[in-house]
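Worksheet: the structure to be examined is printed underneath.
In what follows, residues are counted from 1 in the order of the sequence shown.
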Amino acid sequence: MSNRDRISRFPHLKQDFAASLVVFLVALPLCVGVAVASGVPAELGLVTGIVGGIVTGLMRGSSLQVSGPAAGLTVLVFEAVQEFGLPALGVIVLATGALQIAMGALRLGRYFRAISVSVVEGMLAGIGLVLIAGQLYSVVGAKAPDSGLGKIAGLPGALVDAAGDPTASASLALGAGTVAVLVLWKRMPAKVRTVPGPLAAVGLATLAALLIDLPVATVEVRGLLGSIQPPSLSAFGELADVGLLGTIVAFTLIASAESLFSAAAVDRLHNGPRTEYDKELVAQGAGNAICGVLGALPMTAVIVRSAANVQAGARTKASRVLHGVWLLLFAALLPQVLAYIPIPALAGVLVHAGAKLVPVRAIAALWREHRGEALILVVTAVSIVAVSMFEGVLIGLALAVVKTAWEASHLKLEIVDKGAGPLQAHLSGNATFLKLPKILDSLESLPQDRPVELNLSGLHHLDHACRTALETWAQQHSAAGTEPVRVTEPVTEPVNATAA
């Protein structure tokens, strides 16, 4: 094949090749860090990244977003491994993938966009808080308590203990240095920033640990084939456990919501083809099903890698597929490199990633404009920290439904009396039969000897029961001998003033 033919067949190969290298360098430390934080062999994070790139990357859905192990599922995976064991993880992830494929086939992907954004952001904020708290223990080389509240409550003591322990102090210094590099990296010159921040931070920490010979824990290497553990037939018997089924539902909802919200965010970063949500859900499900068969971590679309892909100039799905190929080559040819990476450095990367999940500025802005949504976000996050991931999300969804029901039944009646002329009654909001007693009590209390103008243009909804009741009231008020009530219809219907 000539160069001209190659260019005509793959017109964006140069841009996609360059972008794939950037995404690979961003993904490598994150794949390893998420796996270690999840309590599974580091190589399993690479397996999920490989499947996310090569399998999900080849499928239709979203052309530029990149999938792999995500910080957002770290807490849930860790809890699942602790409760059910590593062999059951493959069953959970396989079942999650099957559910996602079924939902995509049933065209349910688009409905995930109907989930309250505040619940999703609250979910990510709660995950971020638990992730930060848990990884700070890894930074000082200590064991984290099991519960979210326990992690937060025990942090001051763990940090104080680390100050008096030379080994823990060295570990803390390395982790803090990693976070500092990540925070300051965006202020570096553009040429320096061609190296992705996570790779630079972990690379510098690894170099420092080797040169100074710091007494810190490093990643345990088992080899790619030695880490892959397909679930045995006996592991599928765990599906009879109600707790495991609840974990599968939690994995499915959170992974699907995070992937589809990520797709919406990535679509805003480029002018290429838009995401086909149902097909993207099938692609995510296929990737998770294969990860389950291999006993690897669950995958989601990851906004950090996806944004890096777009910003690096990717034009087609070839970039994300190639990034999976580079991960595969690294895992097959250079796995021993992982043994030099300090665990405090990976923990620092995840502390930084967890901080990004907590939208402090967004919460402040939301509180000023939509306090109800801000409350849902905060309650969801606090519930996840205080109780658990699944229950926290359910509490957030329930609160969002209650808020919607409250707003749907909200109705305001304003009476304007200018002293002379007709009384003006303005109804705004949603007029349903639930509010009929309140509406009628207020209208019937108006003086019978005064004409009334009833303005319904501010109503978003007027159900049949309310309309009938208002017409009956207007006839009764006019029957007293006053001027007929004049009604201005809601703006959703033909606007005209009529005599009732």
Side-chain angles (χ1 to χ4, degrees), residues 24 27-59 66-71 73-74 76-101 218-239 244 247-248 251-252 255 283-300 302 305 320-341 343 346:
F24 160 69
L28 180 60
L30 290 173
C31 286
V32 177
V34 169
V36 172
S38 300
V40 305
E43 290 86 352
L44 290 183
L46 293 175
V47 171
T48 299
I50 292 165
V51 174
I54 298 176
V55 177
T56 303
L58 281 171
M59 298 183 71
V66 183
S67 300
L73 282 175
T74 301
L76 196 57
V77 173
F78 182 82
E79 292 175 353
V81 171
Q82 292 298 306
E83 184 175 355
F84 304 109
L86 186 56
L89 180 63
V91 176
I92 294 171
V93 178
L94 175 58
T96 296
L99 282 176
Q100 287 180 310
I101 292 173
T218 56
V219 174
E220 181 183 346
V221 176
R222 300 186 185 181
L224 188 61
L225 294 179
S227 299
I228 294 176
Q229 299 179 17
S232 63
L233 291 177
S234 61
F236 286 90
E238 297 281 350
L239 290 171
L244 187 133
T247 300
I248 292 171
F251 269 59
T252 304
Q284 293 294 325
N288 272 319
I290 293 176
C291 286
V293 170
L294 297 174
L297 292 171
M299 75 167 60
T300 73
V302 187
R305 284 166 237 180
R320 64 188 190 182
V321 176
L322 284 173
H323 118 276
V325 173
W326 309 143
L327 285 173
L328 176 60
L329 291 175
F330 177 88
L333 303 177
L334 300 170
Q336 296 304 319
V337 173
L338 299 177
Y340 296 101
I341 299 177
I343 287 179
L346 295 176

Should [X] and [Y] count as side-chain neighbours, where that means a heavy-atom distance under 4.5 Å?
| X | Y | value |
| --- | --- | --- |
| V302 | V66 | no |
| L58 | R320 | no |
| L73 | P298 | yes |
| L94 | F236 | yes |
| L28 | W326 | no |
| L46 | L338 | yes |
| L244 | E238 | yes |

Please report the shortest heavy-atom distance between [X] and [Y], naming the atom on each side.
| X | Y | result |
| --- | --- | --- |
| V91 | P231 | CG2-CB, 3.8 Å |
| Q284 | S67 | NE2-OG, 2.8 Å |
| V51 | G287 | CG1-O, 3.5 Å |
| V32 | A42 | CG1-CB, 3.9 Å |
| E43 | G223 | OE2-N, 3.0 Å |
| C31 | G49 | SG-CA, 4.1 Å |

Please check this pair: side chain of [X] against backbone of [Y], looking for a donor-acceptor N/O pair closer than 3.5 Å.
| X | Y | answer |
| --- | --- | --- |
| R222 | S227 | no |
| T48 | L297 | yes |
| T218 | A339 | yes |
| N288 | V93 | no |

Would you give the length of the straight line joining atom [atom1] of [X] to atom [atom2] of [Y], rounded to the nearest 0.5 angstrom?
| X | Y | atom1 | atom2 | value |
| --- | --- | --- | --- | --- |
| I50 | T56 | CD1 | OG1 | 12.5 Å |
| Q229 | L89 | CD | CG | 10.0 Å |
| I54 | M59 | CD1 | CE | 14.5 Å |
| T252 | L99 | OG1 | CG | 4.5 Å |
| L30 | L346 | CG | CG | 9.5 Å |

Which pairs would a plain distance check flag for residues 76-86, meaning a side-chain donor or acceptor within less than 3.5 Å of a matching protein atom at least two apart in sequence or in another chain?
none

